[in-house]
2 protein chains.
Amino acid sequence: MPDAGPAPASGGRYAGRSAASAVATIASVARVTLQTIADEVGVSRMTVSNAFNRPDQLSAAMRAKILATADRLGYTGPDPTARALVRGSSGAIGVLLTDDLAYGFRDGVATDFLAAVADELGPTGLSLTLLSSEGRDGVVPARDVAVDGVLVFSCSLDSTARDWLVKRGLPLVLVDQEPDPGFASVGIDDYHGARLAAQHLVDLGHRHVGILISGGSPGTVGRLADPRREAEGWKYVSRQRLAGFLDVLEAAGAEAVAHHVAEHGDHAAAEQAREILGANPRPTALLCYSDVLAAGALRAAEDMGLAVPDDVSVVGFDDNPLATRVRPELTTVRQDAYAKGTAAARALTEALRTAQDGEPAEPVEVVLPTELVVRESSGPAPG
Amino acid sequence: MPDAGPAPASGGRYAGRSAASAVATIASVARVTLQTIADEVGVSRMTVSNAFNRPDQLSAAMRAKILATADRLGYTGPDPTARALVRGSSGAIGVLLTDDLAYGFRDGVATDFLAAVADELGPTGLSLTLLSSEGRDGVVPARDVAVDGVLVFSCSLDSTARDWLVKRGLPLVLVDQEPDPGFASVGIDDYHGARLAAQHLVDLGHRHVGILISGGSPGTVGRLADPRREAEGWKYVSRQRLAGFLDVLEAAGAEAVAHHVAEHGDHAAAEQAREILGANPRPTALLCYSDVLAAGALRAAEDMGLAVPDDVSVVGFDDNPLATRVRPELTTVRQDAYAKGTAAARALTEALRTAQDGEPAEPVEVVLPTELVVRESSGPAPG
DNA sequence: AAGTGGTTCTTGATCGGTACAGTAGCCGAG
DNA sequence: CTCGGCTACTGTACCGATCAAGAACCACTT
C-alpha cells in the first residue's frame, strides 16, 4: 500500500530519548522533589528551593552543587502546581469563548485578537488557557480550571460560564461585551462604524439596502419583520451594528431589508444574500455585519450573475484579512482586532497587578475607534 | 459600602489563620475555603469535601445543608490548584507552538487542527493551554506551567521548550514531527502527497517546474542551489514535501527550480514567485509547499499578467479553506487537519490514561493519508 | 569582649484539598 | 445479648512547594 516507503533522509539519533522515557516510567513511581535533592546534597529543602528561586540566598558553590545534583536526578525544577498553590497564582490566564472553541480559531478577527493576546502575554510569562463554556461530564472549565484572570470574549449574555467566573471573584476583562461597571471592558466603536458604513452607501445614492446580520438566536433565520425589536436579546455587538445601520438608513429615508443569518459563516450568508438579491425591486447594496458574511454575499452575487459593485454594492465590517483576499476587495469598516487584543491583555495584567497589591482596582473602559475603508466592492447606486 | 457584608455569625475559629485573614480581608476579601464552610456548618472539612465530590458519602440532608451554606458564603467549590496538587493532575493539556503563538491562530491548517483538539477535548473536561516556546523574563512555559500532557505541534528540531517537556517526563504527542520511538506521533503522508502533486503536473506535460517552499532557516531566502542538501536541517514536513516534489520531477526528467520563502506568508511567497516566473524560459508550473504560498503565487501571476492555469499552473498543499476562496480555486493536496487534531487529542488522552494506570505505554504512530484535489489552478503545459 | 551586620542555611507553619483508615451509632441475625 | 455489617462522619497524613523567622558563623567595629 505505501507506494512511497518510509521517509528518506532522517537517520536520526535516538539516543537519550529512549533513556528519558525509561526514566519517566520509573519516575512516575518515585517522584523527585525538592526533598529528594535536599537529602542527596545534605541540605534542607528550603535551600534547594532557594537555589532555583533566589540565587542570592545561598553561596554560589552550594547552588552549583544543588543544580548539578538536580540535573543528575532528573529534577526539572519546582512543581508548577505546588508553586501555584502556595503563591496563589497559576501563571495562566483564561480566555472564555462561549459558542464553540473552534470559532476562536476560525474567525479572522478572533484569531487576530488572540494572536495579540498571546504576543502581549508572552513577555509576562503568563500562558493562555482556552476555556470552553460548557464542560460536559460534570467538569465546568470556568469553575474547575486554575487561572489568574479571564478575558471574556464574544460571549452571550446568559452564559453560566461567565457567572462562575464572576462568582470565583476572578479579575475579568469583558471584550466586545456590554460594558459592566465593576469590570474592565475593551471594545470598539461598533455603532459609529456601522453608521459610517451606512452613510457611505447613502452618500453613493443607495436608497434600497439589504442588511445581513448574525448574532441573534440561531433559531431566527431569514427576514426580520421588525429588526430593532427582534434584536433586543442579541449579542451586544450585533445590536450596536444593526442600530448604526438602521439609524442612518432611516434618517436618509432609505428602505432597509434585514435578514438574520443563522451562523456566522459565508455559506449561510450566501443563502440569505440570495434571498435578498432575488427580490424585486432588488436592493442596490448590502450592508453586512462582518466581512465573513460579506464574502458570502459576494459569492451569492457572483452566482446570480450580478456585478459588484456595478449591479450591487457590498460593504463588510471588521477589515478581516479576508477582505483583501476576495475579489472585488471589500469596502469595510476597519477595526483593529490586534489592538483590541493588546488592550485587553494589558487591562487584564493591570487588573491582576492591582488585585495582587490589594489596591482597589478602577476598571478601565477602552473603546477603540473604527474607520471606513473604501475598496472595490462599493460604488454609486445603479440607474 | 460592603453590599454583602462579612459572613453572618460564623462563630468559627479562625485561630492561626486570623492574622493572615486580617491581611487578606484588605487584599482579597478573606478567602472562603472548605474549612470556612465546615466551621459554619459544624462538621469536619472532609465532610464538606465529600459534599462536593462524593455525594454517596454523606446524607442527602447534610449535603444540602452544606451546599446551601457554601452558596451563601460565596464558595465556588474546591480550589482547582489545591485539587490539582493532591490529585497530581491539572486538568489541562498543553499545546506547544514553537515559532510564534500567532501562527497557531493564523494558519488555516493550524486552526483546523486546534479546533479539532478543542472539540475532542471538550467532553473529557480537559482544557487547552497554549505554551509559547520562549518565555522571556525567566519564565519558561514548557517548564513552569502545569499541564498533564502536551501536543507538540509544528515545532523545530532544536526546540529547548520541547526538551523541557521531555525532561519533565510528560506524556507527549508529536504532531507533524519526525516520529520518535518513545512518543506517540501523528502526522500525514507528506511525502506521498508531494509526489501526487508533482506527478499531476508531470502528467499534464509540465517539464519545467518552479518550487516554492518554506520551513528552513529564515536566513536562506531565494533560489536554492542544491535543494536536497540545503534542506537537511529543515523541519520534517518541509523536508518530506520537498523530497516528494524532487523525486518525481527528477524521475520524469523535468527541470526543477526551488526557491525558499523566508516566512510562511503569501506576501513573501509572491515575491519569490515573481522571481521564478520572471525567468526565461519561464517555468510552466509552480509547486507550492502550502496553499498559503500558492495564494501568494497566484497573486504574483496576476500582477505579472499571467493567466492561471493557461500560462502557468499552480499547485498548493493542505487544502486550506483558503484554497477555495482564491480565484482560480487551487488544485492542491488535501490533508485532513481536523482529523489530525482528533487523532492527536485521542493519542494524548490515551497516553494520559496509561500513564495514570502505570501501564507501560505503547506509543501509537498515526500517518493520515493525503490525496490530490484537482481544481482550477492547474492545466496542461502551454505550448 | 561584646556589639553590629551580613551571609548562609534551617525550622515550622501554611496554601486548600483529598485519600485512607478509623469510630460511633444503629439494625437485624443468631 | 452480642456481633457482623451499614451508614455517616472524623482524624491524620500527606501533595510539593514557599514564606517568615531564627540560628550559626564570620569578619569588623568600638
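Here is the naming used below: chain letters follow the sequence lines, and residue numbers restart at 1 for every chain.
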Revision key, fill the gap. Of all heavy-atom pairs linking A:Ala51 and A:Arg63, the shortest is O-NE, 2.7 Å

Review point. Within a strict 4.5 Å, meaning less than it, do heavy atoms of the B:Ile37 and B:Val43 side chains meet?
Key: no

Point to revise | Atom pair distance, as rounded to whole Å: CG in B:Leu34 and P in C:dC15 | key: 13 Å

Exercise for review: Could you pull out all residues at least two apart from B:Ala184 that satisfy side chain to side chain contact (heavy atoms under 4.5 Å, CB included)?
Suggested key: B:Val173, B:Ala347, B:Pro363, B:Val364

Review point. What is the distance, rounded to the nearest whole Å, between atom CD of B:Gln35 and atom P of D:dT10?
Key: 11 Å

Point to revise | Contact summary for A:Leu130 and B:Ser127, nearest pair of heavy atoms | key: O-CB, 3.5 Å

Check your understanding: Looking only at heavy atoms, which two atoms of B:Leu352 and B:Asp148 are closest? And how far apart?
Key -> CD1-O, 3.3 Å

Check your understanding: Has B:Tyr75 got a side-chain N or O lying under 4.0 Å from the OP1 or OP2 atom of C:dG17?
Key -> yes

**Study point:** A:Arg83 versus A:Asn53, side-chain donor and acceptor atoms under 3.5 Å
**Key:** yes

**Study point:** Results of side chain to side chain contact (heavy atoms under 4.5 Å, CB included) for B:Leu114 - residues two or more places apart only
**Key:** A:Phe105, B:Val95

Check your understanding: What integer distance in Å separates B:Phe52:CZ from C:dG17:C1'?
Key -> 12 Å

Check your understanding: Does a side-chain N-to-carboxylate-O contact under 4.0 Å join B:Lys167 and A:Asp71?
Key -> yes

Exercise for review: Check whether any side-chain heavy atom of B:Tyr75 lies under 4.5 Å from a side-chain heavy atom of B:Thr69, and answer yes or no.
Suggested key: no

Check your understanding: Roughly, in whole Å, what's the span from CG in A:Asp148 to C1' in C:dC15?
Key -> 15 Å

Review point. How close or far is atom P of D:dC9 from atom CG of B:Asn53, stated in whole angstroms?
Key: 16 Å

**Study point:** Within residues 37-51 of chain A: residues closer than 4.0 Å to DNA chain D (heavy atoms)
**Key:** A:Arg45, A:Met46, A:Ser49

Practice item. Indicate the atoms forming the closest heavy-atom contact of A:Arg31 with A:Thr36, along with that distance. Key: O-OG1, 3.7 Å

**Study point:** Axial bend angle, the helix from C:dA1-D:dT30 to C:dG30-D:dC1: five-pair end segments, nearest 10°
**Key:** 70°

Practice item. Would you jot down, in residue-number order, the residues of residues 77-93 of chain B having a non-hydrogen atom under 4.0 Å from DNA chain D? Key: B:Leu85, B:Val86

Check your understanding: Where do B:Ala161 and B:Leu96 come nearest, in terms of heavy atoms and distance?
Key -> CB-CD1, 3.9 Å

Study note, to complete from the structure: Expected list for residues 54-67 of chain B near DNA chain D, using heavy atoms below 4.0 Å, is B:Gln57, B:Leu58, B:Ser59, B:Met62

**Study point:** A:Leu174 side chain near A:Arg162 side chain, heavy-atom distance below 4.5 Å
**Key:** yes

Review point. Looking only at heavy atoms, which two atoms of B:Ser90 and B:Ala146 are closest? And how far apart?
Key: OG-O, 3.4 Å

